[in-house]
Structure formats: C-alpha cells, structure tokens
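A short write-up of the structure that comes next.
Atoms within a ligand are numbered from 1 in the order they appear, just like the ligands themselves. Quick note: numbers below take in every heavy atom, side chains included, and nothing from hydrogens, waters or symmetry partners.
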Amino acid sequence: MEVIIRSDGVAIATIVADTISSLLTRKPDAVLGLATGSSPLAVYDELARRYEGGRLSFSRARAFMLDEYVGLAAEHPERYRNVIEKEIVSRVDFAPDAVQGPDGLAEDLPAACAAYEQAIIDAGGVDLQLLGIGTDGHIAFNEPGSSLASRTRIKTLTEQTRADNARFFDDIEQVPRHCLTQGLATIMSAKHLVLVATGRGKAEAIHRMAEGGVSAMWPASILQHHPHVSVLVDDAAASRLQLAGYYRQTYASKPEWQGL
Ligand code: F6R
C-alpha cells in the first residue's frame, strides 16, 4: 500500500486525474470504478476540465458504481445513480449505458446483486477503482462487521453513516436504512485501488486501514491484502498515521516514471 500525503484535495485530485488519464491513454476501453460522496468530487472536477480541454476522452471506457441506496425514487437527487450522472457522467463523453450501478429499486434485490457481479465479470473486471472511506472505516457501504469475503449484497447502514450522510438530505429520517453495495471481495478484485480522503474526521479510519490489524471491524483494512493500492490523503486525514514521516520521504524520492 502506497500512502501519499499532500497538502489539500486539489493536489490529490491532480495526481488521481493523471493516473486515470494515463490509464485511458494506455487502454481507452478501460473499466473504471466510481465512488459517490464528497471525497472524489475534486477528482471529477479535474477530469471534466481535462475532457473540456480535449485532453481526455471516456468514449470507449465503461464504469461501475460502488453502491446505491435501496428504495430512493428514480428521480431522487440523492439516488447515487443521479449523483454520479450529475458529478461526472453528464460532464464527459461516456457512451450511453456505459455506466452501471446496482439497482436499488429492483423487485428482487438478491437477483439484482448477482446480476451486477456478473456484469462486472463480463466487462473484464475493474481496472481502476476510486474509493472514499467512511469515518467508521467502511469502503463502499461495507460497514464494520462486513465479511471480508463479501460480494455485492444488501446491507444495513450504521447510524453513524446515516448521520454522516444526513448533510445531503433535509433530515436524518430521510436517509435510507438499506443499500446495495459491492462487497469487500468485489472491490478487492479490481486491479488498482485508489482511495482518497481529506479532513481530520477521516484520520482514525485512515490509520486503522493502513496501520492497524486486518479486521472486519475496520473493513477498509482488507486493502492491506491487495497488491496495488494507492492511498492519497491530506495533512489532516494523515494526522494519526504513525509512519507519516516515512510516507512523505518515500513520495519525495519517488521516481517520476513510476506513477501510482
Ligand atoms: C460512496 C461510498 C462511501 C463513501 C464514504 C465516504 O459511493 O462508497 O464509502 O466513499 O462514505 O464518503 P464521503 O466521501 O462523502 O466522506
């Protein structure tokens, strides 16, 4: 796991956008994994800027979302399908239907989860998965206690996650209690995982993920078992890292050709 500490979200977004750009140059039909929430927004802004400047195209790429609330109406602005449409898909040139998410409105939710797993496999797997992290250490919506071998399924959100996400709704009562989420094993199947986190609120989760024991209590800690993980954090999110000095030193002497 490579941990990169930068001063702010904009510096992080530049590095992540460089990585996605170089993937799409190498492999224009790459499969991207998209996260929702605040963490990737600066990355999406930077990707949209590069697309507008003619420096980047998603025309042959495909993408899979990490998760979706169960039961939010199709037109609800906080439905993740609509959020991802607004934040990135409508701003670049993905082909119609190139971006898929789990169907939180399906009548048969387990069947929808199984179909989603199959769709990812049929696409050849995810090349680069963008991730945020919850204050309780969740990735996608794999809350504490999630099976480290889990696949896409229905999960119950913790009260902490519902409280964290209440800022997107009028009040906490409107935050759904259930979601469909890629499992930890689904995420671990992606070839390259890129996790971004900013702010002091994420510091404990980042420390547990990178430096704690691997445990379902801190689901993101499973990433310690992945061979290619890049973690990009700002100074505040890095503030509990024991090896911060080493990570800074390593990045300062990182060879230019290496990329993430
Ligand atoms: C969203 C997702 C979640 C978020 C996490 C952090 O698709 O998978 O794991 O990444 O809840 O959310 P923010 O970025 O809003 O702090």
Side-chain angles (χ1 to χ4, degrees), residues 8-10 12-13 16 32-45 63-70 72 76-89 99-104 113 116 120 126 128-146 150-169 172 175-188 190 193-206 208-209 216 218-223 229-234 236-238:
D8 57 44
V10 174
I12 290 171
V16 176
L32 303 174
L34 301 176
T36 325
S38 317
S39 306
L41 293 181
V43 173
Y44 295 153
D45 287 345
F64 288 91
M65 295 165 52
L66 280 173
D67 41 19
E68 181 59 274
Y69 290 118
V70 168
L72 276 193
H76 195 291
E78 292 308 325
R79 187 175 168 239
Y80 276 0
R81 189 67 188 79
N82 297 334
V83 172
I84 218 72
E85 188 69 31
K86 172 167 161 261
E87 300 298 354
I88 181 69
V89 178
V99 180
Q100 297 185 50
D103 183 2
C113 292
Y116 196 61
I120 296 173
V126 170
L128 184 152
Q129 176 66 58
L130 205 47
L131 294 168
I133 187 169
T135 55
D136 62 2
H138 70 234
I139 46 172
F141 275 140
N142 293 283
E143 297 283 29
S146 289
S150 50
R151 293 277 168 185
T152 304
R153 68 211 183 291
I154 187 164
K155 283 294 287 181
T156 303
L157 297 174
T158 60
E159 285 311 299
Q160 183 174 337
T161 297
R162 291 185 68 239
D164 286 346
N165 287 5
R167 68 191 191 280
F168 297 116
F169 293 81
I172 189 168
V175 184
R177 292 195 149 70
H178 294 103
C179 63
L180 301 186
T181 179
Q182 285 191 26
L184 292 170
T186 319
I187 294 167
M188 290 289 284
L193 303 177
V194 178
L195 187 145
V196 296
T198 53
R200 192 164 293 271
K202 300 291 174 73
E204 173 76 6
I206 289 293
R208 299 279 190 157
M209 173 197 67
W218 291 92
S221 62
I222 187 67
L223 302 192
V229 182
S230 309
V231 175
L232 295 103
V233 288
D234 67 358

*Just distances here: any N/O of N165 and N/O of ligand 1 closer than 3.5 Å?*
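Min N/O separation from ligand 1 is not below 3.5 Å for N165.
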*Flag D67 as yes when one of its N or O atoms lies below 3.5 Å from any N or O atom of ligand 1, and as no otherwise.*
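It does: an N or O of D67 is found under 3.5 Å from an N or O of ligand 1.
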*Quick one: sort the Y80 and F141 rings into parallel, tilted or perpendicular, breaks at 30° and 60°.*
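Judged by the thresholds at 30° and 60°, the geometry between Y80 and F141 is parallel.
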Among all protein heavy atoms in this structure, tell me which lies nearest to [atom], with the distance rounded to 0.1 Å.
atom	value
atom 3 (C) of ligand 1	A140 O, 3.5 Å
atom 14 (O) of ligand 1	S39 OG, 2.5 Å
atom 16 (O) of ligand 1	K202 NZ, 2.6 Å
atom 11 (O) of ligand 1	H138 NE2, 2.7 Å
atom 10 (O) of ligand 1	G132 CA, 3.3 Å
atom 1 (C) of ligand 1	T36 O, 3.3 Å

*asked:* Within the 4.5 Å heavy-atom criterion, are L72 and N82 side-chain neighbours or not?
replied: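 Heavy-atom side-chain distance check fails, nothing below 4.5 Å.
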*Given side chains that start at C-beta, do those of M65 and Q100 come closer than 4.5 Å, heavy atoms only?*
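No. Closest side-chain heavy atoms not under 4.5 Å.
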*asked:* Looking at every heavy atom in both G101 and Y116, which two are closest together, and how far apart are they?
replied: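 Shortest heavy-atom separation between G101 and Y116 comes out as C-CE1, 3.4 Å.
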_Which atom of A205 lies closest to which atom of G134, heavy atoms considered_ =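 It is CB-O, 3.5 Å.
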*Between H76 and F169, is a ring pair (Phe, Tyr, Trp, His ring centres under 6.0 Å) present by the stated rule, with each step listed?*
CA-CA 10 Å; H76 195 291; F169 293 81; 5.7 Å; yes
*Can you list the ligand 1 atoms lying under 4.0 Å from a non-hydrogen atom of S38?*
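Counting from 1, the qualifying ligand atoms are 13 (P), 14 (O), 15 (O).
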*E143 and T156: side chain to side chain donor-acceptor pair (under 3.5 Å), yes or no, with the steps?*
CA-CA 8 Å; E143 297 283 29; T156 303; over 6 Å; no
*asked:* Counting only heavy atoms closer than 4.0 Å, does ligand 1 sit against the backbone of L66, its side chain, both, or neither?
replied: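 Side chain only.
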*Examine the proximity of ligand 1 to R167 and report which part, side chain or backbone, both or neither, has a heavy atom under 4.0 Å away.*
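Only the side chain of R167 comes within reach of ligand 1.
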_Judged on heavy-atom distance to atom 6 (C) of ligand 1, which of D164, L195, I133, D136 sits nearest?_
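Minimum heavy-atom distance to atom 6 (C) of ligand 1 goes to I133.
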_Polar side-chain atom of D67 near backbone of Q182 as donor-acceptor pair, under 3.5 Å_ =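 Checked: no pair found.
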